[in-house]
Amino acid sequence: MGSIGSKTPLAELAALVSQALERAGLRATLSGGAAVSLYSENEYESKDLDFVSNERLKMLGEAIAPLGFARVGQGREFENPDSPWYVEFPPGPLAFGETSITDDEASVVETDYGPLRIIGPTHVVMDRLAAYLHWHDNPSLDQAVLVAKRQHIDWSALAEWAAAEGIAPEVLSMLRSRSRP
């Protein structure tokens with residue numbers, strides 16, 4: 001198991017946490033800003049790692065305690081004093097707007113640091129578009145663009161999702177035009 005310090009890259013920390021959870025037989029999928037960071041090659045920098053899970057918080061905490069993480073108060077956040085990032089466990093299901101997916105629909109990708117359970121780039125774009133539209137959050141749209149510029153996006157799946165969510169086709173057209181080189 002790797003040692004966590006102030007210079008531990010986000011990708012390594014994410015993989016270490018993911019592997020610790022998997023060893024404990026727990027399912028949790030990295031999503032949110034940390035997924036944006038990884039897929040945007042850190043052009044966007046997250047402050048936390050959101051691992052969405054339906055597992056009991058106590059069990060999740062026990063699984064990452066050997067990595068030096070301890071629960072903050074009564075919340076869902078865990079901190080390691082040697083890491084600039086904290087880990088949070090939002091409750092499942094993994095959802096993008098009204099559309100939810102199972103853990104098995106998420107990816108397990110092989111990183112330089114070992115396997116990491118993470119939502120795919122197309123799901124990241126869905127997640128960020130849902131936040132943009134729900135909260136009128138322009139930074140979320142910018143994050144969707146960052147990911148779409150650097151990763152393969154399944155535009156037809158994105159269009160189907162957008163139609164099911166009632167998202168105007170113009171939003172996807174804007175995203176597509178902004179994500180072209």
Side-chain angles (χ1 to χ4, degrees), residues 1-42 44-131 134-135 137 139-140 143-144 146-147 151:
M1 197 175 304
S3 176
I4 296 171
S6 63
K7 300 215 185 296
T8 302
L10 177 68
E12 182 178 3
L13 180 61
L16 287 170
V17 170
S18 183
Q19 292 162 36
L21 295 167
E22 295 281 336
R23 274 193 303 277
L26 304 172
R27 285 280 180 99
T29 304
L30 185 66
S31 65
V36 173
S37 289
L38 294 175
Y39 288 130
S40 72
E41 300 164 13
N42 294 319
Y44 169 79
E45 293 185 20
S46 181
K47 302 287 187 237
D48 68 336
L49 289 88
D50 292 321
F51 279 91
V52 177
S53 181
N54 288 320
E55 306 286 355
R56 289 184 31 234
L57 199 53
K58 181 181 185 314
M59 294 172 68
L60 294 164
E62 289 171 357
I64 65 170
L67 298 175
F69 283 92
R71 190 171 178 186
V72 178
Q74 296 300 309
R76 303 186 73 77
E77 298 172 4
F78 292 77
E79 290 181 347
N80 176 324
D82 297 323
S83 175
W85 297 286
Y86 63 93
V87 175
E88 187 169 0
F89 292 104
L94 279 165
F96 317 107
E98 296 297 316
T99 303
S100 62
I101 65 168
T102 66
D103 287 327
D104 292 331
E105 292 175 273
S107 304
V108 176
V109 299
E110 192 60 41
T111 72
D112 291 341
Y113 311 102
L116 168 64
R117 183 175 297 281
I118 184 172
I119 60 175
T122 302
H123 287 138
V124 171
V125 171
M126 290 175 184
D127 179 53
R128 298 291 99 173
L129 283 179
H134 183 75
W135 290 296
D137 182 50
S140 290
Q143 293 163 28
L146 290 175
V147 172
Q151 302 296 325

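Index from 1, following the sequence. Predicted, not measured: the structure shown is a model, and the values here were computed from it.
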Enquirer: Grab the two heavy atoms, one from T102 and one from E105, that are nearest each other, plus how far apart they are.
Expert: N-OE1, 2.8 Å

Enquirer: D50 side chain to P90 main-chain N or O, any donor-acceptor pair under 3.5 Å?
Expert: no

Enquirer: How many angstroms lie between CG in L49 and OG in S31, if you round to the nearest 0.5 Å?
Expert: 10.0 Å

Enquirer: Taking the side chain from S37 and the backbone from Y44, do they hold a donor-acceptor pair closer than 3.5 Å?
Expert: yes

Enquirer: How would you list all residue pairs meeting ring pair (Phe, Tyr, Trp, His ring centres under 6.0 Å) that involve residues 48-78, not counting sequence neighbours?
Expert: F78-F89

Enquirer: How many angstroms lie between CZ in R76 and CD in E88, if you round to the nearest 0.5 Å?
Expert: 8.0 Å

Enquirer: Taking the side chain as everything from C-beta on, heavy atoms only, tell me whether P139 gets closer than 4.5 Å to Q143.
Expert: yes

Enquirer: Looking only at non-hydrogen atoms, find the nearest pair between P81 and G68 and report the distance.
Expert: CD-O, 3.8 Å

Enquirer: What pairs of donor and acceptor atoms, side-chain ones from residues 109-118 against any protein atom, are under 3.5 angstrom apart with sequence neighbours left out?
Expert:
residue: T111; atom: OG1; partner: Y113; partner atom: N; Å: 2.9
residue: T111; atom: OG1; partner: G114; partner atom: N; Å: 3.2
residue: T111; atom: OG1; partner: G114; partner atom: O; Å: 2.6
residue: R117; atom: NE; partner: E22; partner atom: OE2; Å: 2.8
residue: R117; atom: NH1; partner: D103; partner atom: O; Å: 3.4
residue: R117; atom: NH2; partner: E22; partner atom: OE2; Å: 3.3

Enquirer: Can you tell me how far CG of L21 sits from CD of E62, rounded to the nearest 0.5 angstrom?
Expert: 12.0 Å

Enquirer: Nearest 0.5 Å, please: how far is CG in L10 from CG in D48?
Expert: 9.5 Å

Enquirer: Examine distances only and state if a side-chain atom of R71 and a backbone atom of Q74 form a donor-acceptor pair shorter than 3.5 Å.
Expert: yes

Enquirer: Carefully, step by step, assess I101 and H123 under the rule side chain to side chain contact (heavy atoms under 4.5 Å, CB included).
Expert: CA-CA 9 Å; I101 65 168; H123 287 138; 3.6 Å; yes

Enquirer: Rounded to the nearest 0.5 Å, what's the gap from OG on S107 to CG on L30? Could you check?
Expert: 11.0 Å

Enquirer: Within the distance-only criterion (no hydrogens, no angle test), does the side chain of S40 pair as donor or acceptor with the backbone N or O of V36 below 3.5 angstrom?
Expert: yes

Enquirer: Roughly how far, to the nearest 0.5 Å, is the CG atom of N54 from the OG1 atom of T29?
Expert: 9.5 Å

Enquirer: Measure across G92 and V52 and return the closest heavy-atom pair with its distance rounded to 0.1 Å.
Expert: CA-CG1, 3.6 Å

Enquirer: Locate the shortest heavy-atom distance separating P84 from G5; write the atom from each residue and the value.
Expert: CD-O, 4.3 Å

Enquirer: Listed by chain and number, what are the side-chain hydrogen bond (donor to acceptor under 3.5 Å, both in side chains) partners of R27, not counting sequence neighbours?
Expert: D104

Enquirer: Just by modelled atom types, is the S46 backbone N or O under 3.5 Å from a matching donor or acceptor in the W85 side chain?
Expert: yes

Enquirer: Provide the closest heavy-atom pair for N80 versus L67 in the form atom of the first, atom of the second, distance.
Expert: ND2-O, 2.8 Å

Enquirer: Is a side-chain donor or acceptor of E55 paired with a backbone partner of L26 at a separation under 3.5 angstrom?
Expert: no

Enquirer: Indicate whether any N or O donor in one side chain lies under 3.5 Å from an N or O acceptor in the other, for D137 and S140.
Expert: yes

